[in-house]
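Proteins come first, then strands; the chains are lettered A, B, ... in the order of their sequence lines, and each starts at number 1. Basis for what follows: all heavy atoms, side chains included, without hydrogens, waters or symmetry-related copies.
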2 protein chains.
Amino acid sequence: MHGARPTIGDVARAAGVSKGTVSLAYSGKRPVAEETRRRIFAAAESLRWTASSSAQALATSRTSTIGLVIARRPEIIATDTFFPRFIAGCEAVLAEAGMGLMLNVVADDDAETAAYERYAAGRVDGVILLDVEQGDRRPDLVRELGLTAVILSAEAPHEEEPVDTPVTPVVYTEDAAAVGELVELLVDAGHSSIAHVSGPLRYVHAAARRDAFAAAMTRHGLLPDRIVEGDFTAASGRDATAALLDGDDHPTAIVYANDVMAIAGLSYARSSGLRIPEDLSVTGFDDSELSAHLSPGLTSVSTGADVRGAVAARTLLAALGGDAHRSVLVDGTVVVRRGSIAPPSQP
Amino acid sequence: MHGARPTIGDVARAAGVSKGTVSLAYSGKRPVAEETRRRIFAAAESLRWTASSSAQALATSRTSTIGLVIARRPEIIATDTFFPRFIAGCEAVLAEAGMGLMLNVVADDDAETAAYERYAAGRVDGVILLDVEQGDRRPDLVRELGLTAVILSAEAPHEEEPVDTPVTPVVYTEDAAAVGELVELLVDAGHSSIAHVSGPLRYVHAAARRDAFAAAMTRHGLLPDRIVEGDFTAASGRDATAALLDGDDHPTAIVYANDVMAIAGLSYARSSGLRIPEDLSVTGFDDSELSAHLSPGLTSVSTGADVRGAVAARTLLAALGGDAHRSVLVDGTVVVRRGSIAPPSQP
DNA sequence: CTGAAAGCGCTTACAG
DNA sequence: CTGAAAGCGCTTACAG
């Protein structure tokens, strides 16, 4: 039973055809007589045969799996609900295409490089690049390694590069508009002292949101002078909030770069005597399930993490199939208004 | 550059030896003269050669990757911080052993079966089984498929099975003691009306915690008659809490089966006028980063998700290497006391 | 300590 | 429409 796995040869013999014909019947790359095909499928079924992936991989130089390396600290991965949703979205389209997902969680740059090198040694066909930074070395690294890649971003790619450069497709959302909308919601409610707790600014998505925040403030004639850099953890959300609320001239509203920081911040503010939303309005980002079921609910931004996963996977499959898109916009970013916004209480 | 990947033949030629010797130099399965080895490594390095995993897999019938299928709905995966931490723990030991992790998120039983079948077609060497249910079909399924497996559980395995049955190692924590401790903490604080919001009871870990809750209550002479089944989402935590607080004779403390339900429940209770912890004490489970940075913090149980991942991976590697443990206890479950417990306010 | 050769289980030109 | 055979890039008895 173990180790007695049937091979394509067994099926061929049972069906009275050659191995090549069995292969063709399954791949459909060339026509096979209807009746022959039937015999082959029957034989395969009764033997419970499935093609060996390693043999296929060796013969075709295709592994039918894609790779994803996550380079964040475990507590951040656990805290941020983006990853699991993104992965679930990927899976949905990969499974349909019969592809697998190889996952690597790495602690540092060396481990990350090692992971990509193992990928390139015939473990995966392509990769999705997450958490891209300014001047990120990974696009070049994976290109050198011969891996097809797709980049996930939170803003449209710059069009500076020469046209003839082999381009890595960028799958992006436009977070800026949503951040602008958040600020507008707050301004409309009467706030003028609005702070921002950002994500780690080395990430382009965090920087993009920060820039969008600053731009929106300026647009409304307000000074974007209260920006604290967080790292997406609850701990940083709490600490940033403590810093912002310290002193008497504290902001009346805070725009957080993710839900977890917002929830921790909100909890801190409440414990220090402020009422939410009467004394402090807050907004999150990424629309976690928890934020929707808090009382009052947390106003947040749904960025369609699962859809982004699906689109990224689809784009990568397309690139592997030879048609590389330069960029594709995932158009599902929408502000979800809940009870965490109110007019400021002080006159 | 692409597709021009060097092969072991190239290295052999460059080093002036046979392919077999190159192979042996790397595997260390037989001694190779020091000076020969040096030449081989130098050649490999300058050619930037790494062995092709598909070729290795075909030749050895080993894929060097293990599989993990997660059969929960995406919003639950996203909400529960267990998975990412568990995976990070696995990764740490897998990476060290040069192994990969293949991940599959499936929506239903058919997709799950399909995933294991693909695994068995030479994609992975072994699997870790999560969220085991009563009479779970997966242990048999994977055994039939010839996959080595390890089961993650929240209680010691029953010793009923005949000794000669090929056994699937069980890696487990003893959640019961922690739940007992939680109840004791509450009873010591003066509570006698304590409720429990469980996870989906088809899971043995959820049932185990529920049973432990009931046993602890009974031990203290209390009636475990307020148990509501949740599903680990914030939505279910809120709804279960609403149900429990409905009416005038509501419990003064609630033991939740995970942190997210506790946080949503706590938020609901607060919004309906109760003070936490003065009017309602609450406890969570799994010790998420958020629960530690709430104000007041949420008393929870640290189950060492990452350690469990590491031990599960290590146990699986051992089983693949031929030495199967019957069961291994992960001994890191500890109650983390924070500010969410206080004596009941009513006399 | 090393080499030559068979074999792992597929796919794919090449003939027919 | 089908078969025979080479080849994908490794590993591993078998000789020496």
Side-chain angles (χ1 to χ4, degrees), chain A residues 2-41 43-44 47-65 98 118 120-125 146, chain B residues 2-41 43-44 47-65 98 118 120-125 146:
Chain A
H2 289 225
R5 286 213 354 143
T7 72
I8 197 172
D10 299 327
V11 176
R13 199 169 319 114
V17 297
S18 72
K19 298 189 291 178
T21 304
V22 175
S23 178
L24 264 5
Y26 272 89
S27 69
K29 293 206 175 166
R30 259 173 18 202
V32 169
E34 186 48 35
E35 121 101 61
T36 314
R37 173 204 311 284
R38 242 195 297 275
R39 246 181 321 146
I40 292 175
F41 284 0
L47 289 171
R48 318 201 80 239
W49 173 80
T50 349
S52 147
S53 334
S54 349
Q56 280 188 144
L58 183 55
T60 61
S61 304
R62 285 293 197 157
T63 61
S64 292
T65 106
R118 261 179 315 180
R123 274 176 173 279
V124 310
D125 298 326
Chain B
H2 289 224
R5 286 210 357 142
T7 74
I8 197 174
D10 298 328
V11 176
R13 198 169 320 115
V17 298
S18 72
K19 297 190 292 178
T21 303
V22 174
S23 178
L24 265 5
Y26 272 89
S27 70
K29 293 204 174 166
R30 260 175 16 205
V32 169
E34 186 49 33
E35 121 103 60
T36 313
R37 174 204 309 285
R38 240 196 297 276
R39 246 182 322 147
I40 293 174
F41 285 1
L47 289 172
R48 315 201 81 241
W49 172 80
T50 348
S52 147
S53 335
S54 349
Q56 279 188 144
L58 182 57
T60 61
S61 305
R62 285 295 197 153
T63 61
S64 292
T65 106
R118 260 179 314 183
R123 273 175 174 281
V124 311
D125 298 328

Margin query: Please give the stem ranges for DNA chain C, sorted by first residue number, where a stem is three or more consecutive Watson-Crick or G-U pairs and both donor-acceptor distances are under 3.5 Å.
Written below: C:1-3 with D:14-16, C:5-12 with D:5-12, C:14-16 with D:1-3
Margin query: Using a heavy-atom cut-off of 4.0 Å across all strands, would you classify B:S61 as base, sugar-phosphate, or nothing?
Written below: nothing
Enumerate donor-acceptor pairs with a distance under 3.5 Å from any side-chain N or O in residues 53-62 of chain A to protein atoms, sequence neighbours excluded.
{"residue": "A:S53", "atom": "OG", "partner": "B:A121", "partner atom": "O", "Å": "2.6"}
{"residue": "A:T60", "atom": "OG1", "partner": "A:Q56", "partner atom": "O", "Å": "2.7"}
{"residue": "A:T60", "atom": "OG1", "partner": "A:R62", "partner atom": "N", "Å": "3.2"}
{"residue": "A:R62", "atom": "NH2", "partner": "A:L320", "partner atom": "O", "Å": "2.8"}

Check: Relative to the 5' end of DNA chain C, which residue comes earlier, B:R39 or B:L58, by the nucleotide with the nearest heavy atom?
Finding: B:R39
Next item on the list: Name all residues meeting the salt bridge (charged side-chain N to carboxylate O under 4.0 Å, His left out) criterion together with B:E34; count only those two or more places apart in sequence or in a different chain, and write none if there are none.
Entry: B:R37, B:R38
Notebook entry, point to check: side chain to side chain donor-acceptor pair (under 3.5 Å): which pairs involve residues 15-32 of chain B, sequence neighbours left out?
Noted result: B:S18-B:T21
Next item on the list: Check the distance between C:dG9's P and B:R123's CZ and give it to me in whole angstrom.
Entry: 17 Å
Check: Atom CD1 of B:I40 and atom CD1 of B:I8: how far apart are they, to the nearest 0.5 Å?
Finding: 9.0 Å
Next item on the list: Could you check how far CD of B:E34 sits from P of C:dT2, rounded to whole Å?
Entry: 11 Å
Item checked: Qualifying residues under salt bridge (charged side-chain N to carboxylate O under 4.0 Å, His left out), relative to A:R118, sequence neighbours excluded -> none
Item checked: Residues in side chain to side chain contact (heavy atoms under 4.5 Å, CB included) contact with A:T65, at least two apart in sequence or another chain -> A:T63, A:M102, A:V124, B:M102, B:R123
Next item on the list: Do nucleotides 10-16 of chain C as a string where each nucleotide becomes B, S or -: B if the base has a protein heavy atom under 4.0 Å, S if just the sugar-phosphate does, - if no protein is that close.
Entry: BSBBB--
Check: Whole Å only: how far is the CZ atom of B:R38 from the C1' atom of C:dT2?
Finding: 18 Å
Item checked: Separation of A:T7 OG1 from A:R13 CZ (nearest 0.5 Å) -> 7.0 Å
